[in-house]
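Predicted, not measured: the structure shown is a model, and the values here were computed from it. Just so you know, ligand 1 is whichever comes first in the structure, and atom 1 is the first atom listed for that ligand. Throughout, residue positions are numbered sequentially from 1 according to the sequence presented.
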Amino acid sequence: MKSLLKAESLVKKYGKVTAVNDISFEIYPGEIFGFLGPNGAGKTTTIKMMCGLLKPDSGSVTIYSTNGERSIGLCPQHIVIWENLTCLEQMIYMGQMYNMPLNHAKSKGNELLSALGLLGIKDRIAKKLSGGMQRRLNIALALIHSPEILFLDEPQAGLDPQSRVLVRDYIRSIKNKTTVVLTTHDMEEAEKLSDRICIIDNGKILVSGIADEIKRSGGYENLIEVDVSGELQEKFISFLDPDLLKNMSILTERISFITKDPISSLSGILEIIKKHDIKVNDLRLRKNSLEDVFINLTGKSLRE
Ligand SMILES: Nc1ncnc2c1ncn2[C@@H]1O[C@H](COP(=O)(O)OP(=O)(O)OP(=O)(O)O)[C@@H](O)[C@H]1O
Ligand SMILES: [Mg+2]
């Protein structure tokens, strides 16, 4: 498929900090593409370069648009609205900046406010909206001119579960018509929404692809977690065979095993528990999540 956006060898430095370090990727028409990464990974910097708000130090972004100036919509990470305009007034104002006729801007504004659950408060001035409402208004504003490609920098930040579902459903509903590029830290959200995901850290792409592929790329798909506390933990570990020990990690009372062969690993573990009468607080077998891969790739240390 022909790409809609192509980023080639993008580099951006702020003084000594290399925020984006030679990344290349393509975005295809109609897809939802999720940038996932810890704080300071370089997501916003990459979004800004894609939108043309920031010039890369080297490399390039090409958008193969058919729509000229109307091709891009951006909802920035930090809310940007006109505090003293009502919801509908700012939709119209923004529309007119894109040379939309007044009637068209008004009807499109009403349609978007309705889709984002803001129609009932369309005449309220923006500074009197809650944080979640302002975020939804910001998303609506980015869409007034029906952009071909929509950039959403953390669209779910500060939203309660109800708003999150509404925004997620809305983003899904515009998919195909609009290509969506979003950033988030929320793996579950990324997985639910995105057709393809790209995990970045320290300005580098660590892995990209569809979520299931990424999970498999960790080299394992199954995790066994056994919760054993205190002295019993040491006792339990002392009976484990080398194969299990090799793939074990411990976080407080939780002992996790990565395994390619869950049935035989699990039966080995159960045998030890039974034979040595180890009291287990909890035991489960689960598929590894995107979060497991993310932590595996990016480490556990805190960021900025
Ligand atoms: N205007 C700036 N001046 C100097 N350094 C900056 C600037 N903007 C970003 N940085 C640095 O560049 C790196 C990448 O920042 P960026 O905002 O792109 O990360 P991010 O992935 O969006 O993080 P977050 O999840 O916290 O929003 C960080 O180390 C950050 O401190
Ligand atoms: Mg950011």
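- Here CE of Met187 is found 10.5 Å from CD of Glu191. Values are rounded to the nearest 0.5 Å.
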Could you list the donor-acceptor pairs under 3.5 angstrom formed by side chains in residues 114-123, with sequence neighbours left out?
none

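- Residue Pro29 comes nearest to Lys2 through the heavy atom pair CD-O, 3.1 Å, listed as atom of the first residue, atom of the second, then distance.
- The pair Lys175-Asp195 counts as a salt bridge, with a side-chain nitrogen and a carboxylate oxygen less than 4.0 angstrom apart.
- Using a non-hydrogen distance threshold of 4.0 Å, Gly15 does not register as a contact of ligand 1.
- Sorted by chain and number, the protein atoms of type N, O or S within less than 2.8 Å of the Mg ion (ligand 2) are Thr44 OG1, Gln77 OE1.
- Ligand 1 places these atoms under 4.0 Å from at least one heavy atom of His185: 25 (O).
- Here the shortest heavy-atom pairing between Asn138 and Pro76 reads OD1-CD, 4.1 Å.
- A side chain to side chain donor-acceptor pair (under 3.5 Å) with Asp153 holds for exactly one of Thr46, Thr183, Thr184; it is Thr183.
- The closest heavy-atom contact to atom 22 (O) of ligand 1, among the options Thr184, Leu36, Thr44, comes from Thr44.
- With salt bridges taken as basic N to acidic carboxylate O contacts below 4.0 Å, none links Lys13 and Asp57.
- Only the side chain of Val17 comes within 4.0 Å of ligand 1, counting heavy atoms alone; its backbone N, CA, C and O stay farther away.
- Ion pair Glu231/Lys235 not flagged as a salt bridge, since none of the NZ, NE, NH1 or NH2 atoms sits closer than 4.0 Å to an Asp/Glu carboxylate oxygen.
- The contact set between ligand 1 and Ala41, taken as ligand atoms under 4.0 Å from a residue heavy atom, comprises 19 (O), 20 (P), 21 (O).
- Residue Gln77 has at least one heavy-atom neighbour below 4.0 Å for each of these atoms of ligand 1: 27 (O).
- Close approach of ligand 1 to Glu154 is summarised as follows: ligand atoms under 4.0 Å from at least one heavy atom of the residue are 25 (O), 27 (O).
- Close approach to Ala19 involves these atoms of ligand 1, each under 4.0 Å from a residue heavy atom: 12 (O), 13 (C), 14 (C).
- Not a single heavy atom of Lys12 sits under 4.0 Å from any atom of ligand 1.
- In this structure, Gly37 has no heavy atom closer than 4.0 Å to ligand 1.
- A cation-pi arrangement is absent between Lys275 and Phe239 under the rule of less than 6.0 angstrom and at most 45 degrees off the ring axis.
- Proximity of Lys48 to ligand 1 is not established, as no heavy-atom distance is less than 4.0 Å.
- Looking at Asp292, its side chain never comes within 3.5 Å of a backbone N or O of Asn288 through a donor-acceptor pair.
- Residues Lys127 and Asn84 bring a donor and an acceptor atom of their side chains to less than 3.5 Å of each other.
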